[in-house]
Visitor: 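Encoded as structure tokens, here's the structure I'll be asking about.
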Amino acid sequence: MSEVLVPYINCLLVLDGDGDRIIAKYYSEKSKADQTKFESTLHKKTKSLSFRSDAEIILLEQELVVIKGTSDCRIIISGSIDENELVLVSVLDAIHDTVLALLRGQLDKRTMLDNLELVLLTIDEVIDNGQIMELDACAVATRVLMKGSAELNVGGGGSTNAGNTGDMTIAQALGLARNQFIKSLTSGN
């Protein structure tokens with residue numbers, strides 16, 4: 001019988017444009033000195049990157065590193081060299097899209113520090129002790145804000161209404177059904 005390989009994240013970093021740490025979560029056994037050295041090397045290698053909408057993938061110190069962000073703020077995920085880069089990109093996209101939606105499209109250092117609790121909750125909803133828990137940005141944002149999924153718009157897809165039920169996620173459809181059920185109970189129909 002073959003061994004089941006579960007994707008594992010080594011670390012998640014949020015660095016500013018100068019390479020200074022905003023958030024750091026290391027899930028592997030690295031000393032503080034190794035963490036600082038890794039972040040310094042990472043900044044030197046990525047400071048000249050021009051960030052687009054796609055994630056950048058690099059190999060650094062026998063780790064696969066995926067980066068997305070702006071010149072002011074970068075979200076970085078690191079995994080083993082054996083890890084599938086598409087899985088790492090999916091995790092990064094989930095975190096990036098959720099944070100972008102929660103911060104209303106402003107992904108900069110000041111806004112992230114002002115809303116640090118939302119960013120940390122997002123990270124904890126997506127990754128738990130290095131294990132990937134959720135990749136749906138809408139579901140993550142809903143849990144972070146503790147709202148019904150029909151109340152939230154993630155990814156610029158427009159608001160959810162009965163006219164586009166074919167484009168809904170299961171959570172959105174359940175939220176819409178719940179709201180309609182409550183409305184029918186309160187109206188007496």
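The figures that follow rest on heavy atoms only: side chains count, while hydrogens, waters and symmetry mates do not.
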Visitor: Check side chain to side chain donor-acceptor pair (under 3.5 Å) between Ser48 and all other residues, then give those that pass, not counting sequence neighbours.
Guide: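 Ser48: no side chain to side chain donor-acceptor pair (under 3.5 Å) contacts found.
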Visitor: Nearest 0.5 Å, please: how far is CG in Asn129 from CD1 in Ile9?
Guide: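 Between Ile9 CD1 and Asn129 CG, I get 12.0 Å after rounding to 0.5 Å.
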Visitor: Around atom NZ of Lys37, are there more than 12 heavy atoms of other residues, nucleotides or ligands at under 6.0 Å?
Guide: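 No, not enclosed.
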Visitor: Hey, any chance Leu107 and Leu116 share a hydrophobic cluster, counting ILVMFWY side chains that come within less than 4.5 Å of each other, even indirectly?
Guide: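 Yes; tracing contacts between hydrophobic side chains, which count when under 4.5 Å, links both residues.
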Visitor: Report yes if some heavy atom in the side chain of Leu118 is under 4.5 Å from a heavy atom in the side chain of Val99; otherwise report no.
Guide: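 Side chain of Leu118 against side chain of Val99, heavy atoms only: no contact under 4.5 Å found.
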Visitor: Within the 4.5 Å heavy-atom criterion, are Leu102 and Leu145 side-chain neighbours or not?
Guide: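 Contact flag for Leu102/Leu145 side chains = yes.
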Visitor: Look up atom CE in Met112 and atom CG in Leu120, then write down how far apart they are to the nearest 0.5 Å.
Guide: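 Going from CE on Met112 over to CG on Leu120, the span is 9.0 Å.
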Visitor: Given 3.5 Å as the limit, does a donor-acceptor pair link the side chain of Asp18 with the main chain of Asp20, or not?
Guide: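 A pair under 3.5 Å: no.
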Visitor: Do you know which two heavy atoms are closest between Phe38 and Ser78, and how far apart they sit?
Guide: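 Between these two residues, the closest heavy atoms are CZ-OG, 4.1 Å.
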Visitor: Quick one: does Ser40's side chain have a donor or acceptor within less than 3.5 Å of a partner on Thr36's backbone?
Guide: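 No, because the side chain of Ser40 does not come within donor-acceptor range (under 3.5 Å) of the backbone of Thr36.
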Visitor: With rounding to the nearest 0.5 Å, note down the distance linking OG1 in Thr111 to CG in Leu100.
Guide: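 Answer rounded to 0.5 Å: 10.5 Å.
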Visitor: So, does Thr46 use its side chain to make a donor-acceptor pair with the main chain of Leu49 at under 3.5 Å?
Guide: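 Absent.
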Visitor: Do Tyr8 and Leu86 sit in one hydrophobic cluster, given that two such residues count as connected whenever their side-chain heavy atoms are within less than 4.5 Å of each other, even indirectly?
Guide: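 Cluster IDs for Tyr8 and Leu86 differ.
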Visitor: More than 12 foreign heavy atoms under 6.0 Å from NZ of Lys44: is that the case here?
Guide: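 No, NZ of Lys44 has 12 or fewer neighbouring heavy atoms, counting only those of other groups under 6.0 Å.
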Visitor: Pick from Ile23, Ile22, Leu42: which one makes a side-chain contact (heavy atoms from CB on, under 4.5 Å) with Leu13?
Guide: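 The option that passes is Leu42.
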Visitor: Between Met133 and Leu12, is there shared hydrophobic-cluster membership here, with clusters defined by ILVMFWY side-chain heavy atoms closer than 4.5 Å?
Guide: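 No; Leu12 is not reachable from Met133 via cluster members.
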Visitor: Can you name the nearest heavy-atom pair linking Ala137 to Ala94, along with the distance?
Guide: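 Residues Ala137 and Ala94, closest heavy atoms: CB-O, 4.0 Å.
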Visitor: Quick check for you: to the nearest 0.5 Å, what is the distance between Ile75 atom CD1 and Leu92 atom CG?
Guide: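 Result: 6.5 Å between the selected atoms.
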Visitor: Under the salt bridge (charged side-chain N to carboxylate O under 4.0 Å, His left out) definition, can you give me all pairs with a residue in residues 64-82, not counting sequence neighbours?
Guide: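 Every pair satisfying salt bridge (charged side-chain N to carboxylate O under 4.0 Å, His left out) with a residue in residues 64-82: Lys68-Asp93.
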Visitor: Could you give all pairs that pass the salt bridge (charged side-chain N to carboxylate O under 4.0 Å, His left out) test and reach residues 115-134, with sequence neighbours left out?
Guide: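 Checked against salt bridge (charged side-chain N to carboxylate O under 4.0 Å, His left out) - neighbours excluded - the pairs reaching residues 115-134 are Lys25-Asp124, Glu125-Arg143, Glu134-Arg143.
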Visitor: Could you tell me whether the side chain of Ile77 reaches within less than 4.5 Å of the side chain of Ile95, counting heavy atoms only?
Guide: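 Of all side-chain heavy-atom pairs linking Ile77 with Ile95, at least one is under 4.5 Å.
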Visitor: What's the spacing between Cys73 SG and Gln106 CD if we round to 0.5 Å?
Guide: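 Spacing of SG (Cys73) from CD (Gln106) equals 12.0 Å.
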Visitor: To the closest 0.5 Å, what do you measure between CD (Glu61) and NZ (Lys45)?
Guide: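 Spacing of CD (Glu61) from NZ (Lys45) equals 9.5 Å.
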Visitor: What residues form a side chain to side chain donor-acceptor pair (under 3.5 Å) with Asn84, not counting sequence neighbours?
Guide: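 Not a single residue meets the side chain to side chain donor-acceptor pair (under 3.5 Å) criterion with Asn84.
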Visitor: Tell me, please, which residues at least two apart from Tyr26 pass side chain to side chain donor-acceptor pair (under 3.5 Å).
Guide: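 For Tyr26 the side chain to side chain donor-acceptor pair (under 3.5 Å) partners, ignoring immediate neighbours, are Glu39.
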Visitor: Could you pull out the closest heavy-atom pair between Ser80 and Leu64, with the gap in Å?
Guide: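 Ser80 and Leu64 have their closest heavy atoms at O-CB, 3.8 Å.
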Visitor: According to side chain to side chain donor-acceptor pair (under 3.5 Å), who are the partners of Asp16, at least two apart in sequence or on a separate chain?
Guide: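 Side chain to side chain donor-acceptor pair (under 3.5 Å) list for Asp16, sorted by chain: Lys109.
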Visitor: Determine the minimum heavy-atom distance between Ile132 and Pro7, stating which atoms define it.
Guide: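 In this case the closest contact between Ile132 and Pro7 is CD1-CB, 3.6 Å.
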Visitor: Which heavy atom of Gly79 sits nearest to which heavy atom of Asn10, and what is that distance?
Guide: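 Nearest heavy atoms, Gly79 then Asn10: C-ND2, 3.4 Å.
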Visitor: When you compare the side chain of Ile123 with that of Val119, does any pair of heavy atoms fall below 4.5 Å?
Guide: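 Val119 vs Ile123: side chains touch.
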